[in-house]
*Asks:* 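Here it is: the structure, laid out below.
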Amino acid sequence: MDHLLALKCTICGAEYAVDEVDYVCPRHGADGILDVVYDYDLIGRRITPDDLARDPDRSIWRYLPLLPVEPDVARQLAADTVLATVGWTPLYPAPRLAADLGLRHLWVKDDSRQPTASFKDRASAVAVVKARERGYAVVTTASTGNAAAALAGLCAAVGQKDVIFVPRSAPQAKIAQLLAYGATVLLVDGTYDDAFDLCLQAAPEFGWYNRNTAYNPYMSEGKKTAAYEICEQLGWQAPDVICVPVGDGCIIGGIHKGLRDLLALGWIDHLPRLIGVQAAGSSPLVDAWERGLEGWEMSPVEAHSIADSIVAGLPRDRIKALRAVRETGGVYLRVTDEEILAAIPALAQGVGVFAEPAAAAAYAGLVRAVAQGIVQPEERVVVLATGSGLKDVASAMKAVGEAHLVAPDLADVRRVLAAGG
Ligand SMILES: *Cc1c(COP(=O)(O)O)cnc(C)c1O
Ligand SMILES: [Zn+2]
């Protein structure tokens, strides 16, 4: 891994050798999230857009020279397993949605198509490879549900043991996935933030590899692959705006990192503005952005929303998340649960993507951004659909009308159709 120069603290800027620390800056503890620093000259000699154009690999592993893993371990684990199907999700043009909003160029990146049906597979894939590289018997994570399902699914794919901490309130579908994949599931009688802290204590105590978002510096590196894909799928013409749903802030931080990598390599010529979308009941990053606070000045708040995947009272990747929006000239905005629910059928009918509430929030955010003049009609916009609607059917049912009950005869079908059904 000679392409990794250092791990750099996002608070004090101290740099560590890659084998010197496992997770966070020793001076700053769990807040001291590390950035992975790359040797772009070396990487630029190893891989080019032309090489990629010829590469038949349709997964995140096409970007191996840009990822912080041992290539041989990744290739070996991915060979003929579910791990080989993570990434390279479709980027759909959405002309009807665009027309509704008065935009000319809109795409939806459909990460509900990942193997465990959420964006989190991008990070968990990297975690599974890191755990194998380092010879850990068990991997652990705390999660609102999707990161856990992703870890459990990919661990099952390669025969790795895992222990999962999720809040008791996680949607049934996500818990069902965990149990079906054979994870040891600990339902924490508390919030996601409680589950996170418990997992942080348990990992060193029992000698487990810790995948926790933001604590593990390599998770944003998996998530950054979505930015590579968006730019490659658009012929290396970076969009003007990317709308990202934000809970802990690891996705938006990862997207920012991916874009910065591409800019440093000279493969794109500008950074898109990142629009971070939070649920109104869980919007500490919007508050911090509005008040000009730094990540380390934030304190925990009570957080609630129907969009469970973006509920975080103290976003763990807050430093990278604020930086992502500030350094790209973007904005943070809030959307209500009503706007999020309305966005579920809008996305489903407008482009054919059935999204869970957190994913629909990104589209709800775009609707707001257009209404507030933050996005202009001619701008090229990408919305990240981060998770499948099948993850939370109960919420989807709140967003849609009733089906029509008919007797098993044609006359009744005619009656319903005549009534406008
Ligand atoms: C985790 C998640 C998010 C938010 O990602 P963060 O890194 O926590 O900001 C958004 N949507 C879905 C579906 C998720 O699972
Ligand atoms: Zn530090």
Side-chain angles (χ1 to χ4, degrees), residues 7-16 21 23-35 109-112 114 116-124 141-151 166 170-171 173-174 177 192-193 196 212-214 216-217 219-220 222-224 226 243-257 274 276-279 282-285 296 303 305 307-322 324-325 332 340 344 353-363 365 383-392 395:
L7 297 172
K8 182 175 178 180
C9 176
T10 51
I11 298 179
C12 68
E15 295 200 1
Y16 302 93
V21 290
Y23 302 110
V24 287
C25 175
R27 275 189 241 164
H28 289 100
D31 288 339
I33 293 159
L34 299 173
D35 235 342
K109 176 80 170 156
D110 184 12
D111 263 52
S112 74
Q114 296 280 7
T116 77
S118 90
F119 192 102
K120 298 296 196 297
D121 285 335
R122 296 180 185 276
S124 289
T141 198
S143 165
T144 57
N146 282 339
L151 186 64
V166 279
K174 296 178 183 178
Q177 271 185 299
Y192 164 59
D193 300 281
F196 193 103
N212 270 7
T213 294
N216 186 316
M219 297 305 95
S220 9
K223 291 179 177 178
K224 75 183 182 179
C243 295
V244 186
V246 180
D248 274 325
C250 187
I251 294 183
I252 198 165
I255 297 286
H256 182 217
K257 178 62 173 293
L274 297 181
V277 185
Q278 293 214 285
S282 176
S283 55
L285 286 165
W296 53 85
S305 168
D308 63 291
S309 299
I310 50 173
V311 173
L314 183 63
R316 300 290 166 165
D317 232 348
R318 52 198 180 277
I319 296 173
K320 289 184 186 174
L322 286 169
V325 164
Y332 267 107
I340 291 172
I344 294 175
V353 172
F354 181 28
E356 69 165 272
Y363 181 68
V383 168
L384 268 194
T386 45
S388 167
L390 295 175
K391 294 274 195 171
D392 185 359
S395 292

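For ligands, and for the atoms within them, numbers begin at 1 and follow the listed sequence.
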*Asks:* Angle at the Zn ion (ligand 2) between ND1 of His28 and SG of Cys12, to 10°?
*Replies:* 110°
*Asks:* Would Ser118 count as a polar contact of ligand 1, with the cut-off being nitrogen or oxygen pairs under 3.5 Å?
*Replies:* no
*Asks:* Decide whether the shortest distance between a heavy atom of Ile310 and an atom of ligand 1 is less than 4.0 Å.
*Replies:* yes
*Asks:* One thing to verify: whether Arg122 and Asp111 come together as a salt bridge, which I'm taking to mean a side-chain N less than 4.0 angstrom from a carboxylate O.
*Replies:* yes
*Asks:* Lys120 versus ligand 1: do any nitrogen or oxygen atoms come within less than 3.5 Å of each other?
*Replies:* yes
*Asks:* Would you mind telling me if ligand 1 is within reach of the side chain of Asn146, the backbone, both or neither, using heavy atoms under 4.0 Å?
*Replies:* side chain
*Asks:* Return a yes/no value for Ile251: is any of its N or O atoms, backbone included, closer than 3.5 angstrom to an N or O of ligand 1?
*Replies:* yes
*Asks:* Would you check the N or O atoms of Thr213, main chain and side chain alike, for any that come under 3.5 Å of an N or O of ligand 1?
*Replies:* no
*Asks:* Considering both backbone and side-chain atoms of Ala358, is one of its nitrogen or oxygen atoms within less than 3.5 Å of a nitrogen or oxygen in ligand 1?
*Replies:* no
*Asks:* Report yes if some N/O of Cys250 lies less than 3.5 Å from some N/O of ligand 1; otherwise report no.
*Replies:* yes
*Asks:* For Ala359, is at least one N or O under 3.5 Å away from an N or O on ligand 1?
*Replies:* no
*Asks:* Contact between ligand 1 and Lys391 is defined here as a heavy atom of the residue under 4.0 Å from a ligand atom; is it met?
*Replies:* no
